[in-house]
Amino acid sequence: MSELDEKTENGSVEATGECGTEEKKAKDNSGIGLGVIFFLVAFGVVFLSGWLLFPKLLYSEKEQPFNFNHDLHVYEMGSCDACHYVREDGSFSGLPDLYSCTQCHYEEPMGTTEDEKIFCEEYVAKGKEVPWLVYSKQPDNVFFSHAAHTEGAGMDCKTCHGHIGESKELPVYEENRLTGYSRDIWGDNIWGIKKNSWDRMKMDDCAECHEKETGSKGSCFQCHK
Amino acid sequence: MDSALIPEGAKRCSFPKFAIGIAVVGAVLLWGVFAMLLCWIKGLNQTNMNDYYGFALWIWADLAIIAIGGGAFFTGLLKYLFGIDELKNIINFAVIIGFICYSSALLILAIDIGQPLRGWFIFWHANVHSMLTEVAFCLSCYFAVLTIEFIPNILENPKLDKVPFFHNLSHNMHGVMAIFAATGAFLSFFHQGSLGGVAGVLYGRPFAFREGLLIWPWTFFLFTFSAAAYGPTFTILVTKITEAVTRKKLVKENVINLLAKISGWMITIYIIAKIIDTIYWAVSTAPEMGFTFMDFYSNNPVYGVSILFAEIVIGGIVPGLLLIFKQTRENPRLRLIAMILAVFGVCLNRWVMVLQVMAVPVMTFDQWAMYIPSWQEVATTILPVAYGIILIALCYRYLPVFPQEQELYAGNEQGAES
Amino acid sequence: MKVDRRCFLGLGLGVVAGAVVSPPGAKLTDDLAIWTQNWPWTPVPKDGKVTYEKTTCSLCKGNCGISVRKVGGRPVHISGQEGHPVSDGGACLHGISGLQYLYGLTRINAPLKRNGDTFEKISWKEAVSHVADRLNTMRENGDADKLACITGKERGSIPELFKRFMKVYGSPHYYSMSDMNTTWRTVAETMHGVNADMGFDFENATHILSFGSGLLEGWGSPVNNFRINAGRKDKGGKLVQVEPRLSNTAACADRWVPALPGSEADLALAVCSVIMKEELYDASYLASYNTGFSAFTRLVASTYTPEKMESRTGVSASDIKSLAREFAKADKPLAVAGKGRGENAGDLREFAAVHALNCLVGNINSKGGVWLNKALEYLKFPEEKMDADAEKGLEKEPEPSVASLVEKIAESDSSQIQALLLEEANICYTMHDVDRVKKALEKVPFKVSFSSFMDETAKAADIILPAHTFLERYEDLPSDPTMSIQVVGLSVPVQKPLKETLNPGDAVIRIAKAMKGVIAENFPWKKYEDCLESGTGKLWDALSDKGYAVVSDKAPAKSVNADLSFFSVNNGKVLEIAGDRAEYPFTLVPYDNMRITSSEVVSSPFAVKTVSDEEIKGKDSFAQMNPETARKLGVSQGDRVKINTPAGSATVRVQVFEGVMPGLIGMPRGLGHTVDNPYVARKGVNTNQLISASIDPNTGQDAAFGINAKISRV
Amino acid sequence: MSKQNTHGKTYKFGMVIDLDKCTGCGSCMVACMSENNVPFKEDETDKKDSIAWMRVYKLTNGKSFPETEICYLPRPCMQCGGKGDHGHSPCVSVCPAVATDYGHDTGVVSQIPVRCFGCRYCMAACPYHARYFNWWDPKWPGEMEKYLSPDVSPRMRGVVEKCSFCYHRYQAARDKAYYEHREEIHEDEYQTACTEACPAGAITFGDLHNPSHKVHQLVKPDPHHSGRPRNPKAFRLLERLETNPKVYYISEKEWVRKAGDNYLEGEWKKMNKKHG
């Protein structure tokens, strides 16, 4: 009971407080230093693993069915919209299906590349669609109108898709283990810092541009279904 | 066997006896937990809610326990800011009750939403215009405050107190408690209010809609005030129950009476405001929308004017007056009745502001919708009660909750319960 | 050095600090947000190129033009087809939910053979030869006439192929399900002496007097009638609905005249008597073309005066007079009969009496009147080659209707019918007194079903040769005869068959080819499409290119005689419904509801979802009654009651509805299916199990519109 | 609610339903379900948990036989403009997570199921019961998943859904316009599934701002009173709550028009005199 009362009587509390610190002072000299060391070590470990280890854990590298040479195809076909075009009803064709590819590629390869060989044997011959992994794939609830951007606003594919059209090799597809979407959506930089307009494809990036170009982020339904 | 943990000099029942008591309540708790898991795993189809009753028993429970948990902030306000020092003898307990109420409220909300794993979107994608957002923010902040207010009391457990660090920590926290009390009061003002706003802003629901001040409908202020007024009555009620269970006097009468007196006045003032609000709503707000007062209280099996009478007279005026007048206030039995009526009154008010809002048809060709909760809803609503009892039991047993206990106890030796 | 509290403190703080300034926190929160928004079990429909394909809906006899939206070749939505002569852009809820039939839960995946109480899957080859062998043996035993065939539809090449098969096989027992058009044709014969379909030019009529015709309940060609009704509202045309219950048609009508059920004929004749008395009839028309006019005049003047008919019809004499005047004085009056959807044959006397009104105002073959359209004969098949057996079998007389065929089977001890072909006719559900029908069917040793779905009748079959759904097949679809214009629509596959099914046309061709004798020769086509193309002849080009062909859209020549002697000859024998009033004080009259199908097609899940909770609640269906009736019975909304009729009994809930005549009990048709589909079946009661057939003495058709019933509380 | 995309053409899409033509056939309901991937359960007879973005109510004049009259009233989402028509719709203003917002460029109230966490506050706020909660995880029996449309994202258990005026059809029309380098979309390019389906042609849909559109001509919305109809035969549901719906109803029958809102004793007559 006495103890209970002490609590509320300032004087005695002071006292206990005093003696408490007294005792501690003794240990401090060593304690502080050690504490600081522990702090630094812990900080270092966590900080570095966050930067270096975390991305490795978060993303799994996936192989494309076979390599695709955009550069060559753009050269042969003339432009992106030879294969990725806006249909007459304004909808977007997306990735060309097997049928479109077979307009040029028959069961016999045209060229000599290993990849085309795989394509002709594994897919054309068997009439199987190529299960490409799409770097810019967005969730189902996202509505994106290519017509609005390429036709309406006259934007260039590069603005969002970057220089993929000039690539000879397909980049590695890094799949986010948690969300199942490509790393390209959040961007290569794990903090999400971007240098170019095509480095990220998050909602904020859309909003940012819309804010700038149209003076507002727009309503939900503009980009969601 | 757990004597080391029991505050020195405090008499507590034997551990086995205590354990059995806990086990019994624990069983009820488990039942609630089972129902909760059902709701999370199988979804809200486990409830009897429907598209007419999007808000039902759970939301009522939320509003009700937050209202009666208001004792914590109001008592704190009185003690630390208005410096009414006698209240130090009940503040610990008020805080514990508040802590229980608010933690329960948050739990229930977590069960009530359809996609619990997205619950945090309310912060992540907050819409500042929504009363519910305001509720969520203030609720969680205030809960943090309560936790901080609760900690020192925990640290006073003899075992912990042995550790000088904790000893000092708790002491220092006591020192700054006034600041937290102030913050708590401030936050409470807003979330209690915004809970009132939840119903008041529904201009599509003539029964709930109220005009108001700036963005805040009158219900905003009514809810805050009613929480402050009725909260302490619940604190006292629980204290009395604890005293009954433990067969011990824990808080001196003068403290109780003081708090009761304040409550009494508050309730009376509140109920006057409530009556004015109701009259204004009945003669101006509702008719402008094409509704007569009676439209809301007829053609259905449950909601008649008796509900309104019960809320205002039985649950408001009566306890208010009982607590104002010295002789009735200081008569333990009458005081107890007043407390019970008051708690009933505020709970009924919250029920009406949630359930009846859903029940009233607005389109002329629509009908009154009635609702009976499923056992899963009931179980999950009882869950917090069980949890509360257990927490109170633990606190009472292991923490020096009631500063006056020893002093009061010194006189009469008695066997103590749980 | 001693590791103390501070070290842990340092450690903790270090971890926290490190976490704060390294990316995972922010990144994981964002990923978590995405993760919680895309659950793997929520389907993600595949995107693709959008295309539209035109075809014709054949879920009912309306045959609307529909357009199917496909995404990447996958049908996703059905809507009306703009500019189609029947439906012009409109479609009903059943057509729109067509894809739920395509992917229907009760679809039959492959040919089935009964094995005890279950079915076993067999190949088409086996199935066809099995049927052919059986029929061959019967024929060799000289039992050709013991084969019967019932088709759901009456017109078009598929029924024609079955008819042809029966003929060359040598059995007179080919039937199609009768409906109001069967009766209308009899009216055309009896009163005009012509073999014609009776079309109604509602579009141009200014005053429609309907005797219980559910013009907005799915009567005739439903969507066509919806459109016409909307047009009528714009043009200010009048609709007067005579019906004991406030149906949707009555609700949309300009005037609702509740008359006692079954009194329509008398009311119509009473109206005639007023028209005669006040000489409001079209004298010029009747002067030139009529028979038995004076006799008819005498009859109605003596027997059917408004005053005399008051109590019989429940309509006051003054109302009858105003009905007559409004009707006869209207610019283009038109009277129509055929209760509800007209899915059952009607009472000839009633139809004739109503049509007498048309004769009196002389609207026959005129704009806004009744058109006696020459029955469609666009199909040309090569002349049948008959052999002795066929000739012999055909000497036997057929029954007048499916109802009497069933009756005959039920009566006979030694089965008159040894094999039965059922092409999309669900007689174990759609016919009155279904239990009796089922029993009769048990007596038939060999039953072949050509249904796409495992319906009540298919369940009773011995062999099932599953058909393509309407979205998977070719078929020529003549428009409903009640339409003034005559259109043939073409159904084309918008989806290649999902199951091992065949077009019924192909099925019958294959069977024929597997038969001995001349039968095979009579089916020269390789496949049904060939038969369709050659059969439709010069219509084919229009069909294949537009998807429909308009055969006629002009009123036929006006010069047609009107013979009113029908009534005076035998005063049109009166149809009686079953049940003695003393024992069964109430009249149960099933009603049609556009949202529920009651034909051989079972409603889709979508359609059932739209049905009011005052028609189905859980597993119960409701019986509508006037508050007064309810008071008499001491029951109130939602109570369970037992309905007893001479045919059977059922438990239902009470729906108190002001819009139904006291003493009348209304129950929705089309419920109480017993197919294996929890979304649509085992909900409510099939009214056909409460109604017993009443054979019309004038036609031999089952014309029951209801039955007397008693009600007791449960 | 914040200032939104007002560059280029802005619309105020609305619907007019002629109740005298409506036959209660239910085609609009089914067309909507089929168009918007609305699921169905084994038992849909409890209308309080049966998802129907478009619901057809049955009204009766309450008179006894044979004076009884009935009328069917189709009820999509009213796409309320809210008090003063500024987009503070009853539901939008209360959603704590911005899962529903007001499109100032179209006047359509959105609902984004994946943003919604299922607090159901919006449902409590809506007097029309136009919002529905997914109490169950939707399932499409058999192979029915194959008929789902990619234009509308299927919902999951625990979220709210509602009519969107078939917004995806507007998007499609816009895409076509972009492709053809048009600024504006034509009246017939954007029609909702229910409008298209109604066999009686009772539903009209279009831009309430555009005098050349049928909807505008039918109701003559009053711009000074948040679009209140100037056609005396037209009305909006619960006009007096100032929710400012974009769905209008037309009927010659007075009792039907009266059923559109709540009136105190004798108020209706007074008001009608005002309307002239």
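The sequence lines fix the lettering, A, B, ..., with proteins before strands; numbering per chain opens at 1. Any value given below was found using the heavy atoms of this structure, including those in side chains, with hydrogens, waters and symmetry copies removed. Because the structure is a prediction, the values reported are computed rather than measured.
Heavy-atom distances place no part of C198(D) under 4.5 Å from chain C, backbone and side chain included. Heavy-atom distances place both the backbone and the side chain of T610(C) under 4.5 Å from chain D. Heavy-atom distances place both the backbone and the side chain of P43(C) under 4.5 Å from chain D. Heavy-atom distances place the backbone of E69(D), and not its side chain, under 4.5 Å from chain C. Contacts of Y72(D) with chain C are made by side-chain atoms alone, with heavy-atom separations under 4.5 Å and no backbone atom involved. For K58(D), the part lying near chain C is the side chain, with the backbone staying farther off; criterion is any non-hydrogen pair under 4.5 Å. Of the atoms belonging to V50(C), not a single heavy atom falls under 4.5 Å from chain D. Contact annotation for S612(C): only backbone heavy atoms (N, CA, C, O) come within less than 4.5 Å of a heavy atom of chain D. Only the backbone of R155(D) comes within contact range of chain C, with heavy atoms under 4.5 Å apart. Of the two parts of D18(D), neither the backbone nor the side chain holds a non-hydrogen atom closer than 4.5 Å to a non-hydrogen atom of chain C. Neither the backbone nor the side chain of V680(C) comes within contact range of chain D, judged by heavy atoms closer than 4.5 Å. With a threshold of 4.5 angstrom between heavy atoms, R74(C) approaches chain D through side-chain atoms but not through N, CA, C or O. Only the backbone of K46(C) has a heavy atom closer than 4.5 Å to any heavy atom of chain D.
For the pair D234(C) and K21(D), the salt-bridge criterion is met [side-chain N within less than 4.0 Å of a carboxylate O]. R69(C) has a carboxylate O that lies under 4.0 Å from a charged side-chain N of E35(D), or vice versa, which qualifies the two as a salt bridge. Looking at R682(C) and E42(D), no side-chain N of the basic residue comes within less than 4.0 Å of a carboxylate O on the acidic one, giving no salt bridge.
A donor-acceptor pair shorter than 3.5 Å can be found between the side chains of Y147(D) and Q100(C).
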- Between D151(D) and H77(C), is a side chain to side chain contact (heavy atoms under 4.5 Å, CB included) present by the stated rule, with each step listed? CA-CA 11 Å; D151(D) 301 334; H77(C) 185 67; over 6 Å; no

